[in-house]
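Data first, discussion second: the structure below is written as structure tokens.
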Amino acid sequence: MEYTVWHYACLATTLFGSSLLQAVVGFGAGVFGIPILMLCGFDAHVAIIAVSVGSMCQAMMGSMSLKGDIEWHRAFRPAIFRLIWMPLGGYCLWLVGNMGQQQVRQAIGIVLLLIVLVRVRVKVKPTEELHIKWEYIAFSISGVLLGFCGMGGPAVALWVMAQPWNPRKSRAFLFAIMFLGMIPLFIQFYVMYPDDAPYAMLLGLATFPTVLIGGVVGMKVGNKLERERLQKYTLVLLTVIGISALLSPYLRPAPEGAAKPSVEEAAKHQVIPGLLNKC
């Protein structure tokens, strides 16, 4: 589909918010940015790729600033687990995508609400020796979610919380894992969407200044405010976004008796632009 100035403004603003959120609370770039961009009218794979480019830029900057704390050999095995399962997520996205963009939005909304539920209900305590099966489970789930909707971070964050690491080492590991997973993800999307993937990557690179500014502002904000309270507010916001994505077909339903729209036609009836038009 053709994108307008409205879409580009939404992209820059959303990536700024995603970068700021991740810098403040330590997660949330994908789970915040991707559903928002889809509600703004972006195709699912374009939104995932653009946000992933921004995340990779942020991960690259974080890896450089924390390079002394990164143990690359410790990150390789978990990264391989993610790569093994990532194509399954990509295949699921392709299957759901054939049903239409509304179904993709609903599926991502469900995933987002499940992520919020897990973050609220699962309490993880650090342990000296975590069995390898938990590493396999966490990073396999992360790989599937990364390939499906670019939201592989929360599963990794839960595993990191169980490690007896200080905050600096934990952040360094998260940045390393994020960076190692992005390039294979871009290759997978290029194979799946050869016409749209290069353009989506350029969109993500073009908004790098907003990602940089969001990260810098987020680090300053995070150092001044209570992190636990911010995480609670973030989970509430993500819940609202997830419900909006899940209910998007009902917020603007198709007329009775109308034929099922194609992917191109469905993209013209997005939630946020439609609300603006009514105003």
Side-chain angles (χ1 to χ4, degrees), residues 1-19 21-22 28-55 89-90 92-116 145-154 185 188-189 192-193 195-197 199-204 207 210-211 234 237-254 260-277:
M1 63 174 291
E2 294 183 1
Y3 297 110
T4 65
V5 175
W6 150 261
H7 291 98
Y8 299 133
C10 287
L11 177 66
T13 305
T14 301
L15 287 183
F16 169 82
S18 298
S19 179
L21 180 63
Q22 181 144 311
V31 296
F32 172 81
I34 293 169
I36 288 291
L37 289 180
M38 293 189 66
L39 291 174
C40 289
F42 284 86
D43 290 333
H45 54 280
V46 174
I48 294 171
I49 295 171
V51 172
S52 297
V53 170
S55 297
C92 292
L93 176 62
W94 179 80
L95 289 178
V96 178
N98 285 339
M99 302 177 188
Q101 291 296 303
Q102 293 283 25
Q103 283 69 28
V104 176
R105 274 196 295 276
Q106 288 183 305
I108 291 180
I110 292 173
V111 170
L112 184 52
L113 293 176
L114 289 175
I115 289 173
V116 172
L145 293 179
L146 182 66
F148 177 68
C149 56
M151 300 180 188
L185 180 65
Q188 175 175 295
F189 274 111
M192 293 174 60
Y193 307 101
D195 295 331
D196 293 336
Y199 177 67
M201 292 179 189
L202 289 177
L203 285 178
T207 55
T210 64
V211 172
T234 300
L237 176 61
L238 296 179
T239 301
V240 173
I241 296 172
I243 293 174
S244 299
L246 183 61
L247 299 180
S248 60
Y250 308 103
L251 296 177
R252 183 165 180 162
K260 181 180 179 181
S262 64
V263 173
E264 291 77 13
E265 288 297 323
K268 298 178 182 178
H269 301 285
Q270 305 300 329
V271 175
I272 293 179
L275 294 176
L276 289 179
N277 289 336

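Remember, predicted model here, so these are calculated numbers, not experimental data.
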Can you measure from [atom1] ([X]) to [atom2] ([Y]) and round to the nearest 0.5 angstrom?
X	Y	atom1	atom2	result
Gln188	Leu146	CD	CG	8.0 Å
Leu203	Tyr8	CG	OH	6.0 Å
Ile49	Tyr199	CD1	OH	12.5 Å
Leu15	Ile36	CG	CD1	11.5 Å
Ile34	Ser52	CD1	OG	5.5 Å
Ile48	Leu93	CD1	CG	5.0 Å

Work out which heavy atom in [X] is nearest to a heavy atom in [Y]; give both atom names and the distance.
X	Y	answer
Trp94	Met192	CB-CE, 4.1 Å
Val211	Gly54	CG1-O, 3.6 Å
Pro35	Ile108	CG-CG2, 4.1 Å
Ala44	Met38	CB-CE, 3.5 Å
Phe148	Ala107	CZ-CB, 3.7 Å
Leu37	Ala47	CB-CB, 3.8 Å

> Which of parallel (below 30°), tilted (30 to 60°) and perpendicular (above 60°) describes Tyr193 and His45?
Replying inline: parallel

Worksheet item: For the side chain of Ser19 and the backbone of Phe16, is there at least one donor-acceptor N/O pair under 3.5 Å apart?
Response: no

| Between Ser18 (side chain) and Thr14 (backbone), is there a donor-acceptor pair under 3.5 Å? | yes

